Amino acid sequence: MRKLATSLGIIILFLILTIPSAFQTANAASSPSIAEQVKALTDAGVLKGYDDGSLQLDAQVTRGQFIAFLVRALDLPPGDSGFKDVGTNHSLYPEISAAKKAGLLVGTLDGYALANQSVTRSDVAVMLDRAMQLKGDYTKKATLTYKDQAQIGRYAYESVQRMTYYGLIKGTEDNYFFPQKTATRGESIRFVYRFMDTLHLFSSDKEPITPPKPADSSEVVVPVNDYQYIKVRMNTRGVPLTYNKRTKDVHIRSADEHFYYHMGNASKPLGSLRVTLRKLDNGDVFVFTKFIHNGDNTYSASVIVPFHQSDNYTLAKYSSFGEVNQTHDGTFGVDKTSHPTGILSAKKGQAVTNEMMISKNYVSLHRQMKYANGDKSVLRELVNELESYKVYTDTARNLVTAHVNMSIRGKAISENWVLLSDKRLFADNTNRDNWFKRTIEQYTTINNWLTADGAYTKLPWSIEPSYQMGYGRNIGRMQGGVYLTAYNGNKERYFYDLVVNAIADLDVFSGGALTARKNPIFPTEYTSTWLKKAYGTTAPYFDTRLNENAALFLKNTSESLSIQELTGANFRYADYLVQQKKLGNTIPVTASSYLISDYYGLGNGQTKTHASLNHALGEMRFLLETYKQTKNDAYLKTAREIKAGIEHLHPKWIRSNGDLWYQVNPNLTFAGSDYPHLTLMDLLLSQNVFAETGIPRSAIFDELIRTKTKYMVANNVPIPSFAVQLLREQGFGGLINDKYKASTRKADVEKRPKDDLDLLAE
């Protein structure tokens, strides 16, 4: 937070703050003076003076003013007020809305914050208590001895006990608490100062750390920032690590620092080590570690992360919420990856000083196939996902140290990652636990194998080179739509970090084109044997749906996070779709209508592939959304031509069993089984965007919706709640029975889950 007063202002404040508070405690003489506390809170951006430069320490404080102190102290993310008496024009709207989001300010049962009412000392205790619980488990209680403790209301009694125990609240010299008295500004300063001091929230609490020298040649030390460093150590004797070089890459809202080392003798190394620090704009840092071992033996190594000024820790583990069900999928086989290990919270007492998300160790083999024209298909074969770590506590040195262990297998690549933060990754434990549960339930759609080059995820069996445990950099999965949706829902820091990491992944994959604002079209780098057999198409090629997902993610991220550099990132993909007719990459339906082929080969000719219904619907809707932004008639014209192509092929889209065909081939024959519910969502959302762009509702789309829904109901195919909601909104409620439950919120294209859109055409 920025400083809110000049040095001269502070000197003046020192001169005027000489009158002790009426509720000064007996041991206040050993505490910082009120002038020192004012300076500390002002420097931290928590305290603001009045327009005349005074602080008016005897002035009464409102509920809104006190909660604003706590919100600034905690640096809470923004929220939406929702209180009837706090509109966007309220002077403390940002702070009060953030407090509501975090649960610091609950309000009345009928939705009022009462922000302008005076805050009582009992209210202060409750607010402080809630703020303390956001930062740790501060649950111990004092036995109260205040002479007026009987006057403490039931709603505040336990909060007063806890805040008394932790020293945030103290009575008068003659041991009165005065629970119903309005807190003054001077008292509030003392309360908030104690709160921040207890939680070590003042920046001066952390002293810069000088990284130590490596213990021997088998260890490297990498400085992360002024307060943090890591070590990477070969645990197998006789394997040195020798410095090679250091490089840097700048991305949007992050930057990568790469540290390269030789593994083994530098004159004839066995392999290499790369440590990448991906530093985000909020101060958090991803640490990616990658060993490439060209020898034959298997070694052991550790990533060592020390947390200074910490004397204990807790570890919230994913496995506490169950195990993933690694069942066989007809397209992807079995995904042998699962989820990260969990979040390590280093603490000083009960206060969280640092947090670290710990990944597992991924051991894989580089696989590729080269083609006669020089192109190649690239992927990884997963050997194993491993978990090994130890955490050590040295209370005498105020030190907690985590060792995240790695297996360095011969002729293989070994990788892991950790995410470091000096703040809590989840401000709300319920949000954290819900995410852990969701990750276990949906482990195939949430990335866990993160690298500095991008996330690796399970590929279909139909890949070349052919490996059942084939993993690759799938553009539909590297884009972070699922994390952006989660962040928009609760503003948790962890989701923000994953969104920024996804932007960096796409930038790395494009060779920096995203940061250069070239808004690239992203190629697929592995071959689908299904496409190769049908059309002779091999990697690299463009997949329209995956690029649609990436473009939507960049557009939505630009809007949600106000990232100017991503403004218009979706226009490039819209231009690409418009260009397809000129390139001849379309399937003509009539003289004025067509569908765009799903894929476009780059290095092996431009053989025309099929067009799937869900791809066509997605392209049409994407163009209409971009037209809404730009009013570019070329986007509207292309969207109308695709819409007409879909409609002219009706009723041939409908199969004899009542379901829809998946694709239309260049010769206008149909093939393939449709997705369970993805196309239904595409049709429903298309009708919505028609209404938004002034296009009449499509009767043929309605018939396709009706046909697909009847098939799903008759065959007991699950319909997601957001699709049920849309069906009812659009008048199709009579087709679905009571077992299909609607979503509690209105579904639209911006809130549409992105993790259902990452499937390849196979």
Side-chain angles (χ1 to χ4, degrees), residues 521 535 541-549 551-552 555 568 570-601 606-654 660-672 674 678-679 681-705 749 757 761:
I521 304 297
Y535 308 110
Y541 57 86
F542 290 142
D543 181 319
T544 57
R545 196 74 199 241
L546 299 187
N547 272 280
E548 174 194 324
N549 298 341
L552 281 172
K555 169 185 175 291
N570 55 312
F571 300 165
R572 177 69 181 91
Y573 178 63
D575 292 338
Y576 168 82
L577 294 175
V578 171
Q579 294 164 3
Q580 295 309 292
K581 182 178 180 180
K582 184 176 181 180
L583 291 173
N585 190 39
T586 60
I587 299 175
V589 178
T590 67
S592 59
S593 68
Y594 57 87
L595 301 182
I596 296 173
S597 298
D598 285 1
Y599 306 97
Y600 186 75
Q606 282 73 47
T607 303
K608 192 176 297 185
T609 71
H610 64 269
S612 55
L613 180 55
N614 77 90
H615 278 236
L617 291 166
E619 292 155 7
M620 175 197 67
R621 200 171 62 256
F622 186 94
L623 286 163
L624 290 175
E625 289 291 337
T626 311
Y627 169 73
K628 285 162 55 180
Q629 282 183 277
T630 63
K631 300 304 178 184
N632 185 331
D633 288 335
Y635 301 153
L636 177 62
K637 181 176 183 292
T638 304
R640 285 183 177 275
E641 291 168 345
I642 294 172
K643 173 178 178 287
I646 296 170
E647 291 177 326
H648 278 295
L649 290 172
H650 181 267
K652 294 179 181 179
W653 286 114
I654 302 173
L660 303 179
W661 288 109
Y662 171 73
Q663 72 187 50
V664 59
N665 298 316
N667 62 359
L668 297 185
T669 60
F670 291 79
D674 189 31
L678 182 58
T679 306
M681 279 295 300
D682 282 323
L683 288 162
L684 290 163
L685 291 168
S686 295
Q687 296 285 39
N688 278 358
V689 78
F690 290 160
E692 294 166 0
T693 49
I695 297 175
R697 188 176 183 89
S698 171
I700 290 176
F701 279 32
D702 276 349
E703 183 56 33
L704 292 173
I705 292 169
V749 72
L757 305 181

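Computed from a predicted model, the values in this text were never measured in an experiment.
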Thr630 side-chain N/O to Asn632 backbone N/O, donor-acceptor pair under 3.5 Å: yes
query: If you measure from CZ on Phe690 to CZ on Arg621, what distance do you get to the nearest 0.5 Å?
result: 9.5 Å
field: Any donor-acceptor N/O pair, Asn667 side chain to Thr669 backbone, under 3.5 Å
entry: yes
field: Spacing of CZ belonging to Arg640 relative to OG belonging to Ser592, to within rounding of 0.5 Å
entry: 12.0 Å
Distance in Å, Asn547 CG paired with Asn570 CG, rounded so as to fall on 0.5 Å steps: 12.5 Å
query: Considering only heavy atoms from C-beta outward, does the side chain of Phe701 approach that of His650 to under 4.5 Å?
result: no
query: Are any non-hydrogen side-chain atoms of Glu625 and Tyr635 less than 4.5 angstrom apart?
result: no
query: Between Phe622 and Tyr573, how do the two ring planes meet: parallel, tilted or perpendicular, split at 30° and 60°?
result: perpendicular
Separation of Ile521 CD1 from Leu546 CG (nearest 0.5 Å): 12.0 Å
Heavy-atom pair with the smallest gap, counting every atom of Lys652 and Trp661: O-CD1, 3.1 Å
message: For a 4.5 angstrom cut-off between non-hydrogen side-chain atoms, does Leu623 reach Val578?
response: yes
message: Quick check: closest heavy atoms across Glu548 and Glu619, and the distance to 0.1 Å?
response: OE1-N, 3.7 Å
Pairing residues for Asp575 by the salt bridge (charged side-chain N to carboxylate O under 4.0 Å, His left out) criterion, not counting sequence neighbours: none
field: Charged tip of Lys631 within 45° of Tyr627 ring normal and under 6.0 Å
entry: yes
- prompt: Could you state the interatomic distance from CG (Leu704) to CD1 (Ile654), rounded to the nearest 0.5 Å?
  reply: 5.5 Å
- request: Answer yes or no: is there a side-chain heavy-atom contact under 4.5 Å between Leu624 and Ile695?
  value: yes
Value rounded to 0.5 Å, distance of NZ in Lys555 from OG1 in Thr626: 7.5 Å
- prompt: Taking all non-hydrogen atoms of both residues, which atom of Ala616 and which atom of Ile646 are closest, and how far apart?
  reply: CB-CD1, 4.0 Å
query: What residues, two or more places apart in sequence or in another chain, satisfy salt bridge (charged side-chain N to carboxylate O under 4.0 Å, His left out) together with Lys581?
result: Glu641
message: Looking at Ala634, is its backbone amide N or carbonyl O close enough to the side chain of Thr638 to form a donor-acceptor pair, meaning the two atoms are under 3.5 Å apart?
response: yes
- line: In terms of heavy-atom contacts, Ser597 and Ala611 come closest through CA-CB, 4.5 Å
- prompt: Can you find a heavy atom in the side chain of Tyr600 that is under 4.5 Å from one in the side chain of Asn585?
  reply: yes
field: Within-4.5 Å side-chain heavy-atom neighbours: Leu649 and Leu595
entry: yes
- prompt: Do Thr544 and His615 have side-chain atoms, one donor and one acceptor, less than 3.5 Å apart?
  reply: yes
task: For Gln687, enumerate each residue passing the side chain to side chain donor-acceptor pair (under 3.5 Å) test, keeping only those at least two apart in sequence or located in another chain.
output: Asp702
- request: Evaluate ring pair (Phe, Tyr, Trp, His ring centres under 6.0 Å) for Tyr599 paired with Tyr535, printing each intermediate quantity in order.
  value: CA-CA 10 Å; Tyr599 306 97; Tyr535 308 110; 8.0 Å; no
- prompt: So which heavy atom on Asn614 is nearest to which on Thr679, and how close?
  reply: CB-OG1, 3.7 Å
message: Pair Tyr576, Phe542 - check ring pair (Phe, Tyr, Trp, His ring centres under 6.0 Å), show working.
response: CA-CA 10 Å; Tyr576 168 82; Phe542 290 142; 5.6 Å; yes
field: Exercise: identify the closest heavy-atom pair between Asp674 and Leu660
entry: CB-O, 3.2 Å
field: Carboxylate-amine/guanidinium proximity below 4.0 Å for Lys608 and Asp598
entry: no
message: One thing to verify: whether Glu647 and Lys643 come together as a salt bridge, which I'm taking to mean a side-chain N less than 4.0 angstrom from a carboxylate O.
response: yes
